[in-house]
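The next block holds one structure in the form of structure tokens; read it before the comments.
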There are 2 protein chains.
Amino acid sequence: MKVTSKQLAELCGVTRGTVDRALNNRPGISQETREKILKVAAEHGYRPDFLAQSLVKGHTKTLGVVLFDIHNRIFSQLFISFEAEARRQGYFIYLVLSSKDQELETEYIHSLLDRKVDGIALSPISMGANFEALLAKSRVPIITFGNRVSSKIPYVWIDDKNAIKDAVHHIAGKGYRRIIYVSPPLRFKGKSNIYVPEQRYKGFVEACSVMPELWHTVVSDSDYLASVLRLVQQSQEKLAILCSSDIYALDVLRYLESHGIRVPEQVGIMGCDNIDILNYVTPHLTTIDFQVDEIGRRSAAMLIDRIKGESIPSRTHVPYSIIDRDSL
Amino acid sequence: MKVTSKQLAELCGVTRGTVDRALNNRPGISQETREKILKVAAEHGYRPDFLAQSLVKGHTKTLGVVLFDIHNRIFSQLFISFEAEARRQGYFIYLVLSSKDQELETEYIHSLLDRKVDGIALSPISMGANFEALLAKSRVPIITFGNRVSSKIPYVWIDDKNAIKDAVHHIAGKGYRRIIYVSPPLRFKGKSNIYVPEQRYKGFVEACSVMPELWHTVVSDSDYLASVLRLVQQSQEKLAILCSSDIYALDVLRYLESHGIRVPEQVGIMGCDNIDILNYVTPHLTTIDFQVDEIGRRSAAMLIDRIKGESIPSRTHVPYSIIDRDSL
DNA sequence: CTGTTAGCGCTTTCAT
DNA sequence: ATGAAAGCGCTAACAG
């Protein structure tokens, strides 16, 4: 079945150059021979060899996507819209999962480069000078989301700091005067890329700093569930618990409820991300929604624009909004 | 930075053949020249061009994965283990999403073939003679999961029919004498590939056929929530609702509860798939768990075995088990 | 041991 | 309008 352009040439009694002109309808060929070649090609189900084409053309119409986490629904949702946009523009995607392993991430990036991808979209777990150097010398356009690397590498996400700030104000606006912020450990700072959790943390701290009447504390140890419970039990006044992500919020929610504490009657909880499983959880969690589809679509579109030689902004913020539901 | 083997040859004053021998440490070269070439290669950060290699070797170390649905957690979980196994064996993956669009599915398969993937793993939404012919003439190994195409195409999944049979017996064993089965519409039979829902449905029917004392009915209309509610309200006796998937079960659960019906006090619900979000839902849903990681891992492993020329079974069933929790 | 040659399948420039 | 030839970067068969 598989027939090459060379064979087509023989079949038609012409040369491969002519076949090429017909196939990619380029000038310099008579209507007659063109039609004949096209006909023979169709009869034999000719399909060009993509590898050979790529080798000579110097591009592969392929994007590499490196994700550190796909268990997190955010990233699978993001991938769906990314893939759709890429396909619309004729690109295929190598999807690789770094699983938060920095060595693996680096290895994957090298392999993608070996495979001559036209661009890379990346939720990085690495950071620092070495990593930046690796990306810089890669010579292909790169875009990031879910963690920022540096101002040199375009980044598409939400404004996490302001989102959390808004959340704090939202909570204060509800009358709460005591607030706990639950965050992943930040001690990996400098070792691993934790840009997003850091920004969110900063947002919390900054918001609180302008509201001295608001008592606040941060929980980020590995045994955070027990810590939160203790704080809740010891508090004289009703607490609000703001979590840096819905996953944390859900875990806290479950844990507190299993210890007989009712939400939102005895304590308020708020998450961030608006992951789709919230629909199935009661009480409905108050959270921050951001258009993750939009992040996927735009990062694909911008990466491709960059590949085409256009320049793209170093930072793109997608809108977010607070979804006020029943847990606060 | 990018240096080719030809350039290395010049730099070392040898020919590309020799460079090749050094790089792929093959016999027929002196230790001395080998070391020299390797050293120069390292200094210049030489990396072989994967496209060129693929073109000449005739394989790409790439697998195509076609998924019709990645919103369903099952498939993202499956992908994670598939990708891990593939990577372990040096394969990269093109991930494409058909979104249950048959034309798109076909187009994607063609493109993957053009790109010379070594094998394809597929959760098919198409079926029938034309589709089988397409797969047959593709000339690359194919494996399926999440819907079966035919006995010619290896299939890795659970034994859905027996799983649902077991579920029915489990429910009967709990003392229920009335049971509703909630299924997606089966009217697309013949048009679209609905192998799995069909098998599950058959399992339900077969199980009930040997238990005449068990009153049963099937709900599969588009307004199934209202239908289920009506049945529940009209029933004199406590009903069990068996759903063909956890997603349905969750929707039914929410809907009934929003209409003041308590689970499991007034009605029992059971799902299937054990998707990970069940951890966050109360009451804890009784369901059927199957090792989806194992499906991912084994389908990758088997596909690669097949690529290597080994023969693989036409059907592989992965274990399942009933998870008895609080909703029944 | 090393060099030479041919070729994977396609595109592209330069003649004719 | 068509043919001839070179080349993308690598591998492989055959000489020497």
Side-chain angles (χ1 to χ4, degrees), chain A residues 1-38 40-41 44-62 110-118 139-140, chain B residues 1-38 40-41 44-62 90 110-111 113-118 139-140:
Chain A
M1 196 80 222
K2 54 177 175 183
V3 56
T4 71
S5 71
K6 191 169 138 185
Q7 295 172 27
L8 281 184
E10 281 179 15
L11 285 166
C12 300
V14 296
T15 149
R16 340 201 353 242
T18 308
V19 169
D20 188 56
R21 280 178 265 254
L23 259 24
N24 302 322
N25 52 350
R26 287 190 317 202
I29 182 173
S30 74
Q31 192 57 23
E32 192 184 5
T33 44
R34 156 167 297 151
E35 279 170 8
K36 180 181 174 193
I37 293 172
L38 255 26
V40 175
H44 291 259
Y46 171 78
R47 298 224 119 207
D49 183 312
F50 204 86
L51 289 179
Q53 273 185 156
S54 297
L55 184 61
V56 61
K57 288 203 179 151
H59 63 248
T60 54
K61 283 281 191 174
T62 304
H110 276 127
S111 296
L112 288 171
L113 262 17
D114 292 344
R115 283 164 179 258
K116 297 288 182 288
V117 293
D118 296 339
R139 291 306 191 170
V140 310
Chain B
M1 198 78 224
K2 54 178 176 183
V3 56
T4 71
S5 70
K6 190 162 122 187
Q7 294 173 26
L8 281 185
E10 281 178 17
L11 285 166
C12 299
V14 296
T15 152
R16 351 221 323 261
T18 307
V19 169
D20 187 55
R21 280 177 268 253
L23 259 24
N24 303 320
N25 52 347
R26 285 190 317 205
I29 181 172
S30 76
Q31 193 55 22
E32 194 183 4
T33 44
R34 155 166 298 151
E35 280 171 6
K36 180 182 175 193
I37 294 173
L38 255 27
V40 176
H44 290 258
Y46 171 78
R47 298 224 120 207
D49 184 312
F50 205 85
L51 288 178
Q53 273 185 157
S54 296
L55 184 62
V56 60
K57 287 202 180 155
H59 64 247
T60 54
K61 282 282 191 172
T62 304
H110 277 127
S111 297
L113 262 17
D114 292 345
R115 283 165 179 258
K116 298 287 182 289
V117 294
D118 295 340
R139 291 307 191 171
V140 310

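In what follows, every chain begins at residue 1, and chains take the letters A, B, ... in the order their sequences are listed.
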Could you work out which one of [options] sits closest to the side chain of [X]?
X        : options                   : answer
Ile29(A) : dT11(C), dT11(D), dT2(D)  : dT2(D)
Lys57(A) : dT11(C), dT2(C), dG3(D)   : dT11(C)
Tyr46(B) : dT11(D), dC14(C), dC10(D) : dC10(D)
Arg16(A) : dA6(D), dG3(D), dC10(D)   : dA6(D)
Gln53(B) : dT11(D), dC14(C), dG9(C)  : dT11(D)
Val14(A) : dC8(C), dG3(D), dC10(C)   : dG3(D)

Write down the atom of [X], the atom of [Y], and the distance for their closest heavy-atom approach.
X         : Y        : value
Ile29(A)  : Arg34(A) : CG2-NH2, 3.0 Å
Gln7(B)   : Lys2(B)  : OE1-O, 4.3 Å
Lys116(B) : Thr60(B) : O-OG1, 2.8 Å

Tell me what [X] touches on the nucleic acid: a base, only sugar-phosphate, or nothing, going by heavy atoms under 4.0 Å.
X        : result
Pro27(A) : nothing
Thr33(B) : sugar-phosphate
Asp20(A) : base

- prompt: Whole Å only: how far is the CZ atom of Arg21(A) from the P atom of dC14(C)?
  reply: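 Distance check: Arg21(A) CZ to dC14(C) P gives 14 Å.
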- prompt: In whole angstroms, how far is the P atom of dC1(C) from the CG atom of Asn25(B)?
  reply: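 Interatomic distance, CG of Asn25(B) to P of dC1(C): 15 Å.
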- request: Take Thr15(A) and Leu55(A), find for each the nucleotide of DNA chain D with the closest heavy atom, and name the residue whose nucleotide sits nearer the 5' end.
  value: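 Its nearest nucleotide lies further toward 5', so the answer is Thr15(A).
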task: Would you indicate, yes or no, if dC8(D) has its OP1 or OP2 atom less than 4.0 angstrom from a side-chain nitrogen or oxygen of Lys6(B)?
output: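 Yes, because at least one side-chain N or O of Lys6(B) sits under 4.0 Å from OP1 or OP2 of dC8(D).
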